[in-house]
Amino acid sequence: MFSYLFRGIDCLSIVFSKVANIVALGLVVSMIYEVLARYLFNAPTLWAFDIAYMATGTLFVLGAAQALREDAHVRIDFLSSRFPAKFRDGFNGFIYVFLLFPIFAMLSKVAIGKAWHAYVSGEVEMVSPWAPLMWPFYTLLALGLLALSLQLLVEGLRAFGAAKGVTQVKEGDA
Amino acid sequence: TWRVPTSVPEGSPFYVNFLERFADNAALLTGDRVEIQPFGAGVLVPALQVYDGVRDGIVEAGHSTPSYLVNKDPINAIFAGFPGGMGPEAFVTWIYEGGGKEKLSEIRASEGFKNLIVGIGSSEIMAHANKPIRSAEDLKGLKYRTSGPWAEVMREYFGAVPTVVPPGEIYTLLQRKGVDAIEWGPPSGNLPEGFHEAAPYIIVPGVHQPTFLWEVVVKQETWDALDDDLKPLLEAAAELTTLESVVSFYDKDMKAMETFRGGKNEIITLDPAFIEQLSSAGSDWISKKADAQKEAGKPAMADILADYNAYKARWSAESSYLIRNQD
Amino acid sequence: MLVSALMFPGLFVLVLAGIPIAFSLAIVAVSAGAFAFGPHIFNQLYGSFYTAATNFILSAIPMFILMGAILERSGIAERLFKTMQIWLKGLPGGLAVATIAMGAVFAAAAGVVGAVEVMIGMMAIPAMQKYRYDNRLIAGTICAGGSLGTMIPPSVIAVMYASLAQLSVGEVLAGMMFPGLIMIALFIGYLLIHGMIRPPEKVPELEEEDDMPLGEKLRLTCSTLLPVIALIFAVLGSLLAGIASPTEAAAVGAVGALILCIAYGRFSMSVMRESLAITVRISAMILLIVAAGTMFMGVFAANGGAQLIRGFLEGSGLGTTGMIIFFLIVVFILGFVLDWTANVLICVPLFTPFIRSAGVDPVWFATLVIIVIQTGYLTPPMASSIFYLKSIAPPNMTYGQMCRGVIPFILLQILTLLLVVAFPVTATWLPSKIVGF
Ligand code: NA
Ligand code: NA
């Protein structure tokens, strides 16, 4: 049962990171288009700036869960690698499941609220002359945060599993 | 204590002249019973979402400008200052004596806010430019970093090419001639940004932004919960701040213009006919917006604009008696 | 204020316990933020997250990483370093010098740091390891070379500093020019001396390969070195000619790298896919730290962090010299945990009034602060440059090696700082001469 759920969440993270790949490409294309349009055609776009910051924001948020899955979020482990493995896994599991998952879940909740509010009120970008609708961007941020929260939960439970597997202690032990 | 974030960084002229001055005046008039704790842009809430931050209850009050609400509701353009609108003398008079303040308060009240006008500014510099601008001809094809209503007026009426450049890159792009012209703020605001070192021409007057207004907003219930004797004191602190700040801008702008004139820049003062041409394009832009709002069933903008324009007309007709000591 | 003072020790504990940096920052921000914002804390933190997620300046980071990833995945970087080795093998520490030089050149094209470090690192680490450079030296070279973007114009830090301190951008950039060049010269000097005393061991199988005829050498140079130099010119030139802004120059670099990759016939869907995946992974890592750092800073400020520093200063009765040293120490310590944006946002407005009233030359002081910010990047245990390096380093390069590797460069930066202190003219002469347009 759990393993299906774990795999589902892994899949979600992978899919989001693929979307982020495309967004990264879009970022470069839109910036280059702006350079060419301004320099060669004397016709800069009104949208390149908004697209650029939105693409950057989107690509990192959508990539965050997959980066977690691949253990790419930098940590300093020279001290912790000397802890007993059981203790280290239990500690990580505790932090991930009981601190980080709730924190990012709450952030996702706020993010979803913002996206919904932006959709209902038809919110547009504040200062952009292009004035795009904001809900698609808010929605992508919310989805990325949500995937990151779920992946935090999964990685935390996996750490507990590892701690258990090593010594057969109960989860709460750490 | 109110934590009050604003939309500009700590230390900028707007921060010091408007928000810090208000904090001092509020402490002075209330005998330190109200403490205003200013915060620079982006520290507590996103720079452009100060109004939302107050609405969400993250901070007790916020300091920002109606400029940032123009995309959401163009009615804010009347109060933010718009191309061809009233200059600071006339505007400040309309706000406090002609009913402008009350009209803005009604709009904010409908959004659940109590507002205090905290800061009205002088005119901006129309452009720091790599090319001279003297007539409508010179605007054609001009790559011009600007935003808001002026961007639309420049494109639609004059064939200029409004360009979006983020604040941190304006200096570099102007210096390297990636853009032909930029507008930013009043002379005293532009001086520390160093644009006069990046481009030779300075174009005045600031038809595009004859004045500007900032306000502090709090939730109505936060305001209602204040002791009754504090409310008029805060109102007085706000008005004092606004009047002091506009005078302070005049003084600092004069000194900034002196610095520009003493340096390598050529200062181009547009001739009256061209100014009139630019102004009427701006007026035309805003009346079209107001008409569109009216057709959409929101007549408020058109009503306020009519009142504003009538006041402006009376001011122009009768202000010739004023001595301005202008060369 | 007590809460804001406790945020730093709390963060150190979590980081040293092996929790990823970004998550450690978030945990501390939530705990301390609950004091300042009560039930609204998550709303507030989302705002900080949003501020970071909408910061246009950060767009340069993924684009520079993409440029590096394409050059590395397509094998162009490997050929480039091979060619450089052919010419530089007579020069002690040749590849290290070349890496610092590349760092300096891209620093002159990039407005943000981190991006350059990751890009150069991806290309140089495999090559330098192949030629048996010491891991510590590799790590130090890349961290130091990558952090030069702070000092060499255009620097987003300098622009932001000037704007916050109400200084002329041109003067601040000009003020940093000589100290930046001094620093590069010191780095190169050190690498040459290090290379003479402890040359990397010879690799016999690569030696033979290097023994190629001159014609072959020239052919390889024309086909490899020149195109890459053209790419560098495209990036730098588009910026200097005003064709691209600093951020857009990064896009020029990414597209240029792609064109090279196609021209060499190395382009394939898998190269592209892998490059993009690397870009997203490293960008996610870096930008999540920036976002969490922004959260941390907001909470620190809301809990009276600035008043804490101000109060200490006013109570201490320091003279002008003591005050300057105190400020530099604050910048240095904040630099351990905060991204430079956050550091500059907090410190500059806080210091400026004191510096003004003490009559200290503000451009000279700005130069000192910017050097110290750059040193803060490098100084372990909490050093952004090491975090970024760790994200691209091979497993056989340890955290300990990185920490030891940066020490000589930290000392050289401190030497630069002392030179600027002893001879303020290094920072003040050029600004007094700059001509506008
Ligand atoms: Na402006
Ligand atoms: Na730079």
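Note that this is a predicted model, so its numbers are computed, not measured. Quick note on labels: first sequence line is chain A, next is B, and so on, each numbered from 1. Heavy-atom basis, side chains included; hydrogens, waters and symmetry copies ignored.
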With 3.5 Å as the limit, can you list every donor-acceptor pair between chain A and chain C, backbone and side chains included?
| unit_1 | atom_1 | unit_2 | atom_2 | d |
| --- | --- | --- | --- | --- |
| A/Arg38 | NH1 | C/Glu248 | OE2 | 3.2 |
| A/Arg38 | NH2 | C/Ile243 | O | 2.9 |
| A/Arg38 | NH2 | C/Glu248 | OE1 | 2.7 |
| A/Thr56 | OG1 | C/Ser59 | OG | 2.8 |
| A/Glu70 | OE1 | C/Arg281 | NH1 | 3.3 |
| A/Val74 | O | C/Ile21 | N | 3.0 |
| A/Arg75 | O | C/Lys390 | NZ | 3.1 |

Under 4.5 Å from any heavy atom of chain C, what part of A/Leu68 do you find: side chain, backbone, both or neither? side chain
C/Ile386 versus chain A, heavy atoms under 4.5 Å apart: side chain, backbone, both or neither? neither
May I ask you to name which of C/Ala22, C/Ala254, C/Ala277 has the most heavy-atom pairs under 4.5 Å with chain A? C/Ala277
Using heavy-atom distances under 4.5 Å, tell me whether A/Leu25 contacts chain C through its side chain, its backbone, both, or neither. both
Residues, nucleotides or ligands: over 12 heavy atoms within 6.0 Å of A/Phe83 CZ: yes
Under a 4.5 Å heavy-atom cutoff, which of C/Ala241, C/Ala291, C/Ala53, C/Gly400 has the most pairs with chain A? C/Ala53
So which part of A/Val28 gets closer than 4.5 Å to some heavy atom of chain C, the side chain, the backbone, both or neither? both
Over all heavy atoms of both residues, which pair between A/Leu27 and C/Pro62 is shortest? Give the atoms and the distance, please. CD2-CG, 3.8 Å
Looking only at non-hydrogen atoms, find the nearest pair between C/Leu276 and A/Ala24 and report the distance. CD2-CB, 4.0 Å
Does any backbone or side-chain atom of C/Met295 lie under 4.5 Å from a heavy atom of chain A? Answer side chain, backbone, both or neither. side chain
Any side-chain heavy-atom pair from C/Phe49 and A/Leu145 closer than 4.5 angstrom? yes
Carefully, step by step, assess C/Leu14 and A/Ile95 under the rule side chain to side chain contact (heavy atoms under 4.5 Å, CB included). CA-CA 10 Å; C/Leu14 286 169; A/Ile95 297 273; 4.3 Å; yes
Portion of A/Ile103 that has a non-hydrogen atom of chain C nearer than 4.5 angstrom: both
Applying a strict 4.5 Å limit to non-hydrogen atoms, the region of A/Leu40 in contact with chain C is neither
With chain C as the partner, which of A/Leu99, A/Leu59, A/Leu100, A/Leu148 has the greatest number of non-hydrogen pairs under 4.5 Å? A/Leu100
Identify the two heavy atoms, one from C/Phe42 and one from A/Leu107, that lie closest to each other, and give their separation to 0.1 Å. O-CD2, 3.7 Å
Relative to chain A, which of C/Leu45, C/Val252, C/Ile19 shows the most heavy atom pairs under 4.5 Å? C/Ile19
For the student: nearest non-hydrogen atoms of C/Ala284 and A/Ala67, plus distance: CB-CB, 4.3 Å
Answer with side chain, backbone, both or neither: which region of A/Leu152 has an atom nearer than 4.5 Å to a non-hydrogen atom of chain C? side chain
